[in-house]
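I'd like to ask some things about the structure below.
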Amino acid sequence: MWARAVCVLVCATAVVCEAVTKKFCDDVNPGVCTVHSVDVDPCPKGINFCSLYRNKPYTLSVDFTPRFSAKNLRLSMYGDDNNDGSFDKTVKTVADPCDLMTCPVDKDIPRFFNLHFTLDKTHGTAKFPVKFKLWNADNESQACCFTFNVKVKK
Ligand SMILES: *[C@@H]1O[C@H](CO)[C@@H](O)[C@H](O)[C@H]1NC(C)=O
């Protein structure tokens, strides 16, 4: 709640940060994690897709409630640059997501974090989905997973 209030405040102040439309991942049970909101800062255009430049810093903010407890987490973001559903281009991996939030995560206790990322020049200039996944290293079916669309500009 608090974290969300802070984000709303930050967004309202900065004006540029946008809540983006997210979709659940096909291969993850959506009942395992409730994702309340996803923001990208900055996200010009917004809502349906973020128009992003290569080599510029962006922040992904995620407000979620895991329906599982975990002490070992993993986090990855992949781009589906070819729009073929393969999500084979790594955007970012975080070896220890506990650096980003309070750990361990507990079932039904909300969490919030900010994740900094950039898209480099290996990413094509196209519109494609980015997949975000945070999972329990001890049980990979316990995951928070969603996709959102970006449009990459030079
Ligand atoms: C892994 O997580 C799923 C979903 O929460 C659960 O149903 C299953 O029992 C877990 N498996 C183990 C070995 O804990």
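Counting starts at 1 for both ligands and their atoms, in listed order. In this text the structure is predicted, and so the values were computed from the model without any measurement.
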What are the atoms of ligand 1, with element, lying closer than 4.0 Å to any heavy atom of Q142?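 Near Q142, the atoms of ligand 1 are 2 (O), 4 (C), 5 (O).
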For atom 9 (O) of ligand 1, is the nearest protein heavy atom closer than 4.0 Å? no
Legend entry - Polar contact flag, side-chain donor to acceptor under 3.5 angstrom, T65-R111: no
- Report yes or no: do S61 and N114 form a side-chain donor-acceptor pair below 3.5 Å?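 Their side chains do contain a donor-acceptor pair, which is all the 3.5 Å distance test asks for.
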Heavy atom of the protein closest to atom 6 (C) of ligand 1 (residue, atom name, distance):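 For this ligand atom, the closest protein heavy atom is N139 ND2, 4.1 Å.
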* To do: Return yes if some donor-acceptor pair links the side-chain N/O of R54 with the main-chain N/O of V152 below 3.5 Å, else return no.
  =>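 Not a single qualifying donor-acceptor pair exists.
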Given 3.5 Å as the limit, does a donor-acceptor pair link the side chain of D120 with the main chain of T122, or not?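 Indeed, once roles are kept as given, a pair shorter than 3.5 Å links the two residues.
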Which atoms from ligand 1 have a heavy atom of S141 less than 4.0 Å away?
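Those of ligand 1 that fall under 4.0 Å from S141 are 1 (C), 2 (O), 3 (C), 4 (C).
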